[in-house]
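Only one structure is covered here, and it is reproduced in the block below.
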Amino acid sequence: MDVSRRGFLKISGATLAASGIGISLKPVSAYAQPLKIQYAKETTTVCPYCSVGCSIIVSVRNGKVVNTEGDPDSPINKGSLCSKGGSIYQMAVNENRLTKPLYRAPNATEWKEVEWEWALERIAHLTKQSRDKSFKFRNDKGEVVNRTEGIASVGSAAMDLEECFTYQKFLRGLGLVYIEHQARI
Amino acid sequence: MTNHWVDFKNSDVILIMGSNPASNHPVSFKWIQEAIDKRGAKLICVDPRFTQSAAKSHLYAPLRSGTDIAFLGGMIKYILDNNLYFEEYVKQYTNASFLVNPAFKLPGDNKGVFSGMKDGKYDKATWTYQAGGGGVISKDPTLRNPNCVFQLLKKQYARYTPEVVSKITGTPQDKLLEVYKLYASTGKPDRAGVELYAMGWTQHTVGVQNIRAMCIIQLLLGNMGVAGGGVAAMRGESNVQGSTDHGLLFHIWPGYLSTPKASLTTLKDYNEKETPTTKEAKSLNWWKNKPKYVASFLRSTYGKGVSLDEAYALMPKIDDGSNLSWLQIFDQMYKGKFTGFFAWGMNPACSGAHSNKVRQALGKLDWMVNVNLFDNETGSFWRGPGMDPKTIKTEVFMLPCASSVEKEGSIANSSRLQQWRYKAVNPPGEALPDGDIMSEIFFKVKALYEKEGGPLKEAVTQLTWPYGTKTAAGHFHYEPRMVAAEINGFFLEDKKLENPTKKGEFKEFKKGDLVPTFAWLQDDGSTSSGCWVYCGSVTGDKGILPMRRVTKDPTGLGLCPEWAWSWPVNRRIIYNGASVDPTGKPWDPKRAVITWNGEKWVGDVPDGAGDPGSGRPPFIMKPDGVASLFGPGLADGPFPEHYEPLECPVEKNLLSPQKNNPAIKRFDKTGVGSDLDKYSGVDSCDPRFPFICSTYRISEHWQTGVLTRWCPWLAEMQPELWVEISQELAKERGFKNGERVVVKSARGEVEAVAIVTPRFKPFDIDGTTIHEVGIPWHFGWITSADRKYADGDKKPEVFTRGDAANLLTPTIGDANTMIPESKAFMVNVVKRG
């Protein structure tokens with residue numbers, strides 16, 4: 001959701017005026033602020049790190065994140081962020097992000113870049129193979145269990161709620177029972 | 001969390017114990033500080049280390065890691081001895097008056113264990129209540145009967161005298177009493193106290209009982225359900241509340257519905273066995289609705305194409321009594337039980353206790369899929385320290401996914417607040433949102449089953465997946481808004497229903513309508529809901545409520561009911577029915593969470609409060625309607641009892657002959673774990689590992705550092721693993737501040753910088769000096785300078801140094817949750833050889 005620029009600058013100005021540093025930073029801020037996020041489109045997000053749920057404004061220009069900062073409208077953080085929340089910019093703008101699927105063949109000594117289609121086909125094939133091989137209709141007592149014993153999954157609190165729901169559906173649909181994630185550790 | 005972050009501002013006394021929010025939930029401190037500045041609130045910090053939170057507190061008390069129950073048991077005794085409990089609240093809203101089976105025995109009368117212990121497991125036959133005519137629980141409203149819960153509680157903690165507690169915890173007696181006195185001051189109706197915990201309480205063999213002990217205190221003081229009260233579980237990940245809600249754990253389906261056991265052959269069996277009943281006439285027993293949530297979940301999984309009974313049959317079942325949790329997974333993996341493994345958005349090679357075992361286990365797989373933003377120690381485990389890639393057969397896929405600003409969707413913070421995030425930019429390169437990736441794999445697997453068949457293929461092929469569209473290029477574009485609606489739930493047919501909260505009023509729904517709240521969900525298959533607690537989050541007229549950004553705060557308590565959406569039913573303080581007396585008057589009118597205006601409750605969404613004077617007990621999620629001072633549901637006792645950590649620096653438990661929690665699963669026993677499951681100092685102290693060690697977190701990194709070690713600003717601020725050591729220990733062993741040392745446990749070792757500080761002080765434990773050290777767990781070898789970088793490898797802008805602290809931690813878990821005991825284990829610290 002867009003935050004109105006006017007409302008946003010008004011709040012930043014008020015914060016500065018109240019900062020009580022002796023000299024007025026107002027003209028400088030009035031100049032510096034627009035430069036940094038000029039012509040930028042703003043969206044809001046929530047910090048992906050701890051569980052406080054601080055809101056963050058993300059400014060984007062020409063498809064690139066140019067600035068991230070605390071969202072003053074949030075009743076939780078009212079614009080504040082910690083060291084991690086203040087560094088979200090570097091998660092989006094980071095040349096070390098993985099950009100291609102990587103594959104490591106059995107006993108290989110290095111990664112190889114592969115195409116998505118190939119990787120996904122191969123994963124689907126292996127998933128089916130493992131499921132078929134380890135699927136158990138009944139346990140030792142003869143009770144119906146309909147489960148896949150040869151695949152386990154861990155993750156993920158790092159996903160969105162919708163993805164978590166979909167992921168558990170995917171796993172349980174495959175018959176997995178060894179399903180765990182960060183909440184257990 | 002029972003309450004919410006902003007609510008800290010409404011507290012009079014804030015107890016930080018088992019956490020360090022100043023470092024690990026820094027922005028929460030805004031509200032702690034506000035309570036201090038505006039209300040004159042007092043802040044207490046109890047921690048083995050003088051943390052950043054301790055530095056901001058009015059009162060700091062040190063305690064030895066793993067002795068929290070002794071400390072809190074002493075507080076329970078203090079509250080009871082000095083009549084500081086909130087009598088009416090205790091009588092009306094807890095099970096204090098319930099009469100317990102006379103055959104039940106407390107550890108003080110039974111060699112340190114509760115009655116029923118046999119071969120490491122409790123038979124709970126005596127952990128029951130006496131019942132009168134019609135099965136109604138017998139009670140003594142005067143609380144004088146020696147078998148009533150209140151008297152048993154008194155008896156249980158009579159042993160926890162300040163003298164004994166101080167000898168166990170190492171906390172000076174005067175500090176103990178100062179903390180007890182200050183916190184117990186919140187037992188008055190016009191005072192509120194909140195407790196803030198995190199992994200400092202969960203990562204113990206007695207983790208659940210640590211929290212239970214505090215819940216008992218909060219109930220005695222009448223602090224549950226009130227503004228400024230509650231127990232705040234401050235979770236470590238932005239959406240770990242949500243991922244738990246959605247059942248990414250072996251034992252629960254979404255919405256805390258138990259995973260079906262093999263003995264529950266049919267849906268009817270499941271509903272009969274899993275749905276609680278009560279004989280208490282006025283208890284609402286909300287979980288009686290469970291069959292509606294189960295049916296709606298099954299519908300969201302398989303749709304109307306299969307019957308509810310068939311859908312139940314298709315779902316995987318676990319064997320009765322089996323535990324398939326984290327430690328078990330890696331144990332089984334190490335033993336070669338799995339061929340395939342998904343590590344989705346996780347880095348178990350650093351986050352798993354005994355990471356050496358985890359890393360070895362990964363090499364036993366045929367294949368592994370790791371989805372992450374950056375290269376990490378799990379995906380690249382085969383080329384980690386001590387590994388010979390040529391001998392490791394595991395086929396590995398490392399798939400690049402979108403970050404939180406590169407897709408849209410929602411997350412739930414610690415206070416169950418669901419907030420929406422928007423997409424700002426495209427993911428880099430070919431990275432894809434997780435939803436797209438799992439959809440693609442699903443459709444490919446489904447196609448294989450349709451083409452080739454396979455065991456119970458319907459379980460896969462009948463799964464519904466209306467979560468997006470195929471693009472022209474054939475790629476599946478996952479649409480989170482459609483999933484949000486599915487999680488909320490739909491009417492699957494036209495239906496005329498009586499309003500569950502207004503008798504005689506009927507409402508008509510059309511097929512495809514969103515279900516307004518979970519009270520409208522049905523058990524006949526006419527509704528769907530992916531996770532019943534989220535029902536009400538998406539509405540026909542107002543859309544996706546987690547998108548709301550209205551900051552109005554009508555009560556002035558910071559509830560801000562139109563900022564996003566909170567489960568359940570947008571309630572911000574759960575158990576708030578206990579914030580009013582039985583006649584409906586708020587215990588504290590100045591902090592009224594809910595108020596009866598003559599016709600209805602206003603303020604927060606009421607929880608469990610019937611009409612004033614109705615006599616309905618407010619803890620409606622408990623079958624008997626009241627909160628449990630006596631909690632017979634747990635694996636290791638109805639009351640918390642102090643046991644030493646499995647690895648500990650003392651010869652005996654000063655409270656009883658039972659040294660460790662008798663109900664824990666020991667992986668070192670024959671036929672249980674593996675050759676790698678080693679402990680030290682279990683039966684008696686092990687001089688090879690003389691110091692207590694606890695892992696902890698810091699502000700600049702997150703979890704294993706899987707994201708933050710790749711962010712140069714953060715890596716620059718905290719570039720290296722350290723071990724924090726007291727000045728006294730440094731002097732004794734000749735360590736200099738800043739020198740590199742080696743920390744060793746029975747399982748592994750890490751190199752770290754010795755940080756010598758006055759923040760740790762030696763403990764005087766029953767006359768013996770005992771040292772504790774601490775180590776942050778955010779590091780891993782992948783971002784270090786001294787590893788080999790192949791062509792094409794990503795290379796961090798700022799290198800870090802040091803490997804995972806979890807190389808040291810033990811494979812021993814809590815008796816209930818199996819969360820590993822990473823907060824109290826034994827190590828040695830030596831100079832680098």
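Every chain is numbered from 1, with letters handed out A, B, ... down the list of sequences. Values in this document were obtained by computation on a predicted structure and should not be read as measured data.
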Would you check, one step at a time, whether the test side-chain contact (heavy atoms from CB on, under 4.5 Å) holds for B/Lys390 with A/Thr109? CA-CA 6 Å; B/Lys390 291 194 196 76; A/Thr109 54; 3.9 Å; yes

Any chance you could lay out the side-chain contact (heavy atoms from CB on, under 4.5 Å) test for A/Glu117 and B/Lys444, step after step, and finish with the verdict? CA-CA 10 Å; A/Glu117 192 58 20; B/Lys444 285 186 162 45; 3.1 Å; yes

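Proximity of a side-chain donor or acceptor of A/His181 to a complementary backbone N or O of B/Leu248 within less than 3.5 Å is detected. Side chain of B/Trp253 to backbone of A/Gln168: no donor-acceptor contact under 3.5 angstrom is found. With hydrogens and angles ignored, the 3.5 Å screen pairs a side-chain donor or acceptor of B/Gln419 with a backbone N or O of A/Gly53. B/Glu430 contributes no side-chain N or O that, together with a main-chain N or O of A/Pro101, makes up a donor-acceptor pair within less than 3.5 Å.
In this structure, B/Lys423 and A/Thr43 have side chains that are not in contact, with every pair of non-hydrogen atoms separated by 4.5 Å or more. Considering only heavy atoms from C-beta on, A/Ser51 comes within 4.5 Å of B/Trp5 through its side chain. Between B/Pro480 and A/Glu163, every side-chain heavy-atom pair lies at or beyond the 4.5 Å cut-off. Annotation: side chain of B/Thr551 is not in contact with side chain of A/Lys78 (no heavy-atom distance under 4.5 Å). By the 4.5 Å heavy-atom criterion applied to side chains, A/Arg131 and B/Val460 are counted as neighbours. Side-chain contact between B/Asn413 and A/Val52: absent, with no pair of heavy atoms (C-beta onward) separated by less than 4.5 Å. Looking only at side-chain heavy atoms (C-beta outward), B/Lys794 and A/Thr99 come within less than 4.5 Å of each other. Side-chain contact between B/Phe374 and A/Asn94 is present, with heavy atoms from C-beta onward closer than 4.5 Å.
With a threshold of 4.5 angstrom between heavy atoms, A/Thr68 does not approach chain B through any atom at all. Only the side chain of B/Val369 has a heavy atom closer than 4.5 Å to any heavy atom of chain A. For a residue to count as touching a neighbouring chain, one of its non-hydrogen atoms must lie under 4.5 Å from one of that chain's; by this rule B/Pro546 does not touch chain A. Looking at B/Pro455, the atoms closer than 4.5 Å to chain A (heavy atoms on both sides) sit in the backbone and in the side chain alike. The contact between B/Arg235 and chain A is made by backbone and side chain atoms together, counting heavy-atom distances below 4.5 Å. Both the backbone and the side chain of B/Val240 come within less than 4.5 Å of a heavy atom in chain A. The contact between A/Lys64 and chain B is made entirely by backbone atoms, counting heavy-atom distances below 4.5 Å. For A/Ser87, the parts lying near chain B are the backbone and the side chain together; criterion is any non-hydrogen pair under 4.5 Å. Interface remark: B/Ile487 contributes side-chain atoms only to the contact with chain A (heavy atom separation under 4.5 Å). Using a 4.5 Å cut-off between heavy atoms, B/Cys711 contacts chain A through both its backbone and its side chain. Of the two parts of B/Met482, neither the backbone nor the side chain holds a non-hydrogen atom closer than 4.5 Å to a non-hydrogen atom of chain A. Contact of B/Lys337 with chain A is made through backbone and side chain together, with heavy-atom distances under 4.5 Å. Of the two parts of A/Val58, only the side chain, counted from C-beta on, holds a non-hydrogen atom closer than 4.5 Å to a non-hydrogen atom of chain B. Both the backbone and the side chain of B/Ser300 come within less than 4.5 Å of a heavy atom in chain A. Using a 4.5 Å cut-off between heavy atoms, A/Glu113 does not touch chain B at all. If you measure heavy-atom distances from A/Asn96 to chain B, the contacts under 4.5 Å come from both the backbone and the side chain. Only the backbone of B/Asn24 has a heavy atom closer than 4.5 Å to any heavy atom of chain A. Contact of B/Thr391 with chain A is made through the backbone alone, with heavy-atom distances under 4.5 Å. With a 4.5 Å cut-off on non-hydrogen atoms, B/Gln241 does not touch chain A at all. Proximity to chain B is limited to the side chain of A/Phe135, based on heavy atoms less than 4.5 angstrom apart. Heavy-atom distances place the side chain of A/Val60, and not its backbone, under 4.5 Å from chain B. Neither the backbone nor the side chain of A/Gln129 comes within less than 4.5 Å of any heavy atom of chain B. With a 4.5 angstrom heavy-atom cutoff, B/Ser322 does not touch chain A via any of its atoms.
When all heavy atoms of A/Ser156 and B/Ser243 are compared, the closest pair comes out as O-CB, 3.9 Å. The minimum heavy-atom distance between A/Ile185 and B/Pro820, with the atom names listed, is CA-CD, 4.1 Å. In terms of heavy atoms, B/Ile411 sits closest to A/Met159 at CG2-O, 4.3 Å. The minimum heavy-atom distance linking A/Lys84 with B/Ser699 is given by the pair NZ-O, 2.6 Å. The minimum heavy-atom distance between B/Leu314 and A/Asn146, with the atom names listed, is O-CB, 4.2 Å. Taking each heavy atom of A/Phe165 and B/Val483 in turn, the nearest pair found is CD2-CG1, 3.8 Å.
Taken to the nearest 0.5 Å, the CE atom of B/Met398 stands 12.0 Å off from the CZ atom of A/Arg104. For the atom pair CD1 (A/Ile56) and OG (B/Ser404), the distance works out to 7.5 Å, reported to the nearest 0.5 Å. Within the model, atoms CH2 of B/Trp382 and CG of A/Asn107 stand 11.0 Å from one another, a figure rounded to the nearest 0.5 Å. For the atom pair CZ (B/Phe338) and OG (A/Ser153), the distance works out to 10.5 Å, reported to the nearest 0.5 Å. A/Leu98 contributes atom CG, which lies 7.5 Å from atom CG of B/Leu373 (distance to the nearest 0.5 angstrom). Atom OG1 of B/Thr339 and atom CD1 of A/Ile151 lie 6.0 Å apart (nearest 0.5 Å).
The existence of a salt bridge linking B/Arg549 and A/Asp71 is confirmed by a sub-4.0 Å separation between a basic side-chain nitrogen and an acidic carboxylate oxygen. Residues A/Arg97 and B/Glu406 are paired through a salt bridge, judged by an N-O separation under 4.0 Å between the basic side chain and the carboxylate.
Contacts with chain B were tallied for A/Asn139, A/Val114, A/Val46, A/Val177; A/Val46 has the most, counting heavy-atom pairs under 4.5 Å. Between chain A and the options B/Asn372, B/Asn426, B/Thr464, heavy-atom pairs under 4.5 Å are most frequent for B/Thr464.
If you check the side chains of B/Tyr478 and A/Thr166, you find a donor sitting under 3.5 Å from an acceptor. Remark: the A/Glu162 side chain and the B/Ser410 side chain contain an N/O donor-acceptor pair separated by less than 3.5 Å.
Residue pairs meeting the ring-ring contact (aromatic ring centres under 6.0 Å, His included) criterion with at least one member in residues 76-97 of chain A, sequence neighbours excluded: A/Tyr89-B/Trp713.
Taking B/His25 as the reference, nothing meets the side chain to side chain donor-acceptor pair (under 3.5 Å) condition, with sequence neighbours excluded.
Using the six-membered ring where Trp is involved, A/Tyr103 and B/Phe397 have ring planes that are tilted, between 30° and 60° apart.
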